[in-house]
Amino acid sequence: MAHVYFHIDLNAFFANAEILLDSSLKGKPVIVSGQTRRSVVSTASYEARAYGIHSAMPVSEAEHLCKDLIVREPHFTWYRELSEKFMKIISSYTDEIEQASIDECYADVTIPIQRFAKPLDLAWQIQQRVKKELGLPCSIGVGPNMFLAKMASDMKKPMGITVLRIREVPQKLWPLPIADMRGVGVRTLPAMEELGIKTIGDLANYKDPEALREIFGKNTEAMIARANGHDDRVIVKESESKSMGVSETFLEDITDYEEIRGMFRYLSRKLSERLLKEKKAGHSISIRIRYYDFSNADRSKKSDALLWKADDIFVEALSLFEKNWEQEPVRLIGISISDFADHNETSRQLNLFDPKLMQEAETDSILKDLNKELGTTAFIRAAEAVPREKQ
């Protein structure tokens with residue numbers, strides 16, 4: 001049976017979330033950002049985008065482009081509350097969901113779409129429900145695989161519903177700039193342009209795969225296949241994932257060690273809570289450091305002991321960071337746990353699912369810890385604060 005995938009993306013999520021808090025902002029040029037001299041635009045309303053304002057632009061430059069620009073500081077608790085409600089709506093149609101970030105997800109709707117007389121009726125119903133119940137516009141891409149669904153959702157915003165079929169790839173996908181392709185980031189783009197690859201079609205029809213291997217490594221064949229409209233990935237639900245991770249991106253590049261340390265403490269507690277919820281513990285820990293120039297440093301290590309406690313995760317993650325930090329300004333910090341133990345090992349060695357431990361985890365206030373560790377430092381998820389490095 002041919003699959004049908006949706007990619008559902010909340011449009012200008014943070015800006016529209018701020019408008020829900022303050023209706024006077026509706027129809028005005030609004031950005032979400034910190035308010036220091038180093039601040040950059042996190043999200044811009046469509047009215048602000050009309051002035052050429054975009055994510056990662058310095059706020060000072062945005063204010064120069066639009067004298068009436070309204071700057072709002074982020075309300076993280078509110079964004080996460082809306083995100084949870086968004087995911088609950090999608091899960092009412094299918095449990096085959098993969099959340100890609102706070103404001104987007106993939107859904108395999110192969111089965112539920114059969115209940116509708118017209119295939120696009122399901123997409124329309126989801127879009128209208130999200131708008132009516134949450135007050136948020138969203139775009140939905142429809143495709144036979146996850147890659148085409150994602151590319152389709154980017155083609156019409158806001159409130160678009162776009163179908164992208166494999167047979168339409170040469171006409172609709174190939175003419176797009178290579179920078180628009182999911183999987184091409186700021187570090188790989190210059191290397192591709194040096195090879196003369198300027199459009200997705202150029203990549204799809206490139207005659208020297210070995211030259212591409214220097215850019216994409218083991219992902220070379222997959223990138224070429226996607227440029228031709230093929231993608232064999234399937235939905236990976238969180239409970240099925242081989243790893244579990246969390247990440248946050250600072251609104252400003254950070255060099256202060258104590259602020260970075262505070263972020264590691266917060267992320268460790270957040271990840272521990274998720275591990276407890278999913279009843280998982282692992283032997284491997286990885287960190288990601290994204291620097292001011294968007295370059296990434298990924299480091300990992302194995303542990304003889306199972307990792308699930310916040311304190312243990314914090315110690316191991318911070319140790320990895322201290323050994324590998326190049327003293328350059330940091331944009332993003334991430335931690336993930338993998339190499340999960342089976343249930344018997346977990347229960348036998350750690351008594352992980354002790355009700356008392358679960359209760360302690362549930363009563364631990366993450367936001368309270370965050371304020372204590374970071375003070376007023378503003379941060380935002382990696383998928384939101386800067387243009388996404390496409391996966």
Quick one: are [X] and [Y] in side-chain contact, heavy atoms under 4.5 Å?
X	Y	value
Leu203	Leu212	yes
Glu104	Phe13	no
Val330	Met263	no
Val41	His54	no

So how far is it from [X] [atom1] to [Y] [atom2], rounded to the nearest 0.5 Å?
X	Y	atom1	atom2	answer
Leu148	Leu164	CG	CG	4.5 Å
Tyr51	Ile53	OH	CD1	8.0 Å
Phe340	Ser284	CZ	OG	10.0 Å
Leu120	Ile140	CG	CD1	9.5 Å
Thr199	Met192	OG1	CE	9.5 Å
Ser300	Ile285	OG	CD1	10.0 Å

Residues [X], [Y]: salt bridge by 4.0 Å N-O rule:
X	Y	answer
Asp311	Arg265	yes
Glu81	Lys85	yes
Arg299	Glu326	no
Lys270	Glu273	no
Asp22	Arg72	yes

Task: salt bridge (Lys or Arg N to Asp or Glu O under 4.0 Å) contacts touching residues 160-171 (sequence neighbours left out) - done: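 Pairs touching residues 160-171 that pass the test: Arg165-Glu168, Glu168-Lys172.
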Hydrophobic clustering (ILVMFWY, side-chain heavy atoms < 4.5 Å, transitive) - are [Y] and [X] grouped together?
X	Y	result
Leu134	Val30	no
Leu25	Val59	no
Leu173	Phe216	yes
Val71	Leu65	yes
Leu20	Met159	no

TODO: Let me see the working for Arg226 and Met181 under side-chain contact (heavy atoms from CB on, under 4.5 Å), right down to the final yes or no.
DONE: CA-CA 9 Å; Arg226 290 172 194 170; Met181 182 174 172; 4.0 Å; yes
TODO: Quick one: sort the Phe321 and Phe264 rings into parallel, tilted or perpendicular, breaks at 30° and 60°.
DONE: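 Plane angle between 30° and 60°, so tilted.
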Counting heavy atoms not belonging to [X], are there more than 12 under 6.0 Å from its [atom1]?
X	atom1	result
Lys198	NZ	no
Gln327	CD	yes
Trp78	CH2	yes

- [ ] Verify whether one side chain among Arg290 and Ser247 offers a donor that lies under 3.5 Å from an acceptor in the other.
- [x]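 Short answer, no.
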TODO: Answer with yes or no whether the side chains of Asn11 and Ser139 bring together a donor and an acceptor at under 3.5 Å.
DONE: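 Yes.
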Open item on the list: Applying side-chain contact (heavy atoms from CB on, under 4.5 Å) to Asn228 and Ile224, what does each step give before you reach the verdict?
Closed with: CA-CA 6 Å; Asn228 281 282; Ile224 295 173; 3.9 Å; yes
Open item on the list: So which atom in Arg213 and which in Thr220 form the shortest heavy-atom distance, rounded to 0.1 Å?
Closed with: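 It is CA-OG1, 3.2 Å.
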Task: Smallest separation among heavy atoms of Glu18 and Glu73, with atom names - done: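 Reported closest heavy-atom pair: OE2-O, 3.7 Å.
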- [ ] Begin from the C-alpha positions of Lys150 and Glu98 and carry the test salt bridge (charged side-chain N to carboxylate O under 4.0 Å, His left out) through to its verdict.
- [x] CA-CA 12 Å; Lys150 166 59 183 172; Glu98 182 176 328; over 6 Å; no
TODO: May I have the step-by-step check of salt bridge (charged side-chain N to carboxylate O under 4.0 Å, His left out) for Glu316 and Lys301, ending in yes or no?
DONE: CA-CA 9 Å; Glu316 297 289 357; Lys301 65 177 292 188; 2.9 Å; yes
TODO: Assess whether side-chain contact (heavy atoms from CB on, under 4.5 Å) is satisfied between Thr94 and Phe6, documenting all intermediate values.
DONE: CA-CA 11 Å; Thr94 176; Phe6 283 1; over 6 Å; no
Task: Pair Lys157-Asp9, salt bridge (charged side-chain N to carboxylate O under 4.0 Å, His left out): steps then yes or no - done: CA-CA 9 Å; Lys157 294 183 177 182; Asp9 191 358; 2.9 Å; yes
Task: Pair Ile200-Val184, side-chain contact (heavy atoms from CB on, under 4.5 Å): steps then yes or no - done: CA-CA 10 Å; Ile200 296 177; Val184 176; over 6 Å; no
Task: Ring centers of Tyr5, Tyr106 separated by less than 6.0 Å - done: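 They do not qualify: ring centres at least 6.0 Å apart.
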Task: Axial cation check for Tyr46 ring with Arg49, 6.0 Å and 45° limits - done: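 Arg49 over Tyr46 ring: yes.
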